[in-house]
Amino acid sequence: MTADLSGRTALVTGSTSGIGRATARLLASLGAHVIVSGRNAERGGETVDGIRAAGGKADFVAADLNDLDSLGSLAERATEIGGQVDILVNNAGIYPFGASSDATAADFDAVYDANVKAPFFLTNALAPAMAARGHGAVVNFSTALATKGTAGASLYASSKAAVESLTKVWSAEYGPSGVRVNAVKPGPIATEGTAPYGDGMDAFHAGSPAGRLGQPDEVAATVAFLVSDDARYIHGAVIPVDGGVGTL
Ligand SMILES: NC(=O)c1ccc[n+]([C@@H]2O[C@H](COP(=O)([O-])OP(=O)(O)OC[C@H]3O[C@@H](n4cnc5c(N)ncnc54)[C@H](OP(=O)(O)O)[C@@H]3O)[C@@H](O)[C@H]2O)c1
């Protein structure tokens, strides 16, 4: 990866863990000033320290994306720190599983607040300024499950299907102003979030071309490509990074 992101500020939500943290590290190594975010200040501080120790630029801004005030403050603070936000990576998300018939209204709201409402309003807060400057990139996060019929995945899969739809709608809205909006669609990736599922994760990649779990940096590499100028003709794409799970 040789992309040069110097002079750009990148806000990566959910970068205190897993794929978001790997993305924050990679974007910083390519020259971006990265705003690391999440609720956990200790893990956020560790991520920032690691980036700075490697010679990169990063700052942590705590935010609970389920709280619209906190989300608004994150957008403001990231803009203040970076001068502007050029790159938004809507990575933060949750993925509880369970039978549809067991889901409560609170379960529904928790998943849709984190996975749909938060990226919706964070993009609203930041993309218009990118459009006014005529340059910017947004990367959303779907999942291989969004377009599969997996029992127990109703809230998660449908919330991410909404994210895929938003990716295309935002491309139409912001693309003509120079803001590219794309998404990655990961398969099973080994992160802190998926660790509790243990061997159960292997069922997701059984029989797939890669035949193994993916690693966070394998998704981060695609995010870095999508936000770079190398991807300047890519708008509204939803790119699988799933070891071929989507082909099954
Ligand atoms: N891992 C996979 O197999 C896989 C597969 C397909 C798609 N994905 C998608 O990839 C993304 C990252 O997954 P991951 O496995 O890397 O996740 P993870 O290890 O569980 O980390 C989730 C991140 O999101 C943040 N977050 C969650 N709720 C938040 C909230 N209310 N406010 C602020 N931050 C919040 C967490 O920060 P704090 O804990 O600091 O709040 C954490 O940094 C998600 O969108 C997920 O749906 C993952």
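Treat the numbers as computed from the prediction; the structure is a model and nothing was measured. Counting starts at 1 for both ligands and their atoms, in listed order.
Atom CD of E42 has 12 or fewer neighbouring heavy atoms from other residues, nucleotides or ligands inside a 6.0 Å radius.
Using a 4.0 Å cut-off between heavy atoms, R21 makes no contact with ligand 1 at all. The parts of L65 lying near ligand 1 are both backbone and side chain, judged by heavy-atom distances below 4.0 Å. Under 4.0 angstrom from ligand 1, the non-hydrogen atoms of K160 all belong to its side chain. Only the backbone of S142 comes within 4.0 Å of ligand 1, counting heavy atoms alone; no side-chain atom from C-beta on gets that close.
The existence of a salt bridge linking E164 and K185 is confirmed by a sub-4.0 Å separation between a basic side-chain nitrogen and an acidic carboxylate oxygen. For the pair R8 and D229, the salt-bridge criterion is met [side-chain N within less than 4.0 Å of a carboxylate O].
Remark: aromatic rings of F204 and Y197 are distant, center separation not under 6.0 Å.
Below 3.5 Å of separation, one finds an N or O of N91 facing an N or O of ligand 1. Ligand 1 has an N or O atom lying under 3.5 Å from an N or O atom of G193, backbone or side chain. The shortest N or O to N or O distance between M201 and ligand 1 is not under 3.5 Å. Distances between N or O atoms of P186 and those of ligand 1 include no value under 3.5 Å. Residue T143 has no N or O atom closer than 3.5 Å to an N or O atom of ligand 1.
Ligand-side atoms of ligand 1 in range of G14: 23 (C), 24 (O), 25 (C), 42 (C), 43 (O), range being under 4.0 angstrom from any heavy atom. Ligand 1 places these atoms under 4.0 Å from at least one heavy atom of S17: 18 (P), 19 (O), 21 (O), 42 (C), 43 (O). Residue contact check: T191 has heavy atoms under 4.0 Å from atoms 1 (N), 14 (P), 15 (O), 16 (O), 19 (O) of ligand 1. For ligand 1 and A63, the ligand atoms under 4.0 Å from any heavy atom of the residue are 32 (N), 33 (C).
Protein heavy atom nearest atom 16 (O) of ligand 1, with residue, atom name and distance: I19 N, 2.9 Å. Scanning the protein heavy atoms around atom 31 (N) of ligand 1, the nearest turns out to be D64 OD1, 3.0 Å.
Both V116 and L65 sit in one connected hydrophobic cluster of ILVMFWY residues. Membership requires side-chain heavy atoms under 4.5 Å apart, directly or through other members.
Compare R39, H205, R43 by their heavy atoms: the one nearest to atom 28 (N) of ligand 1 is in R39.
The aromatic rings of Y112 and F108 lie parallel to each other, their planes meeting at an angle below 30°, with 60° marking the opposite boundary.
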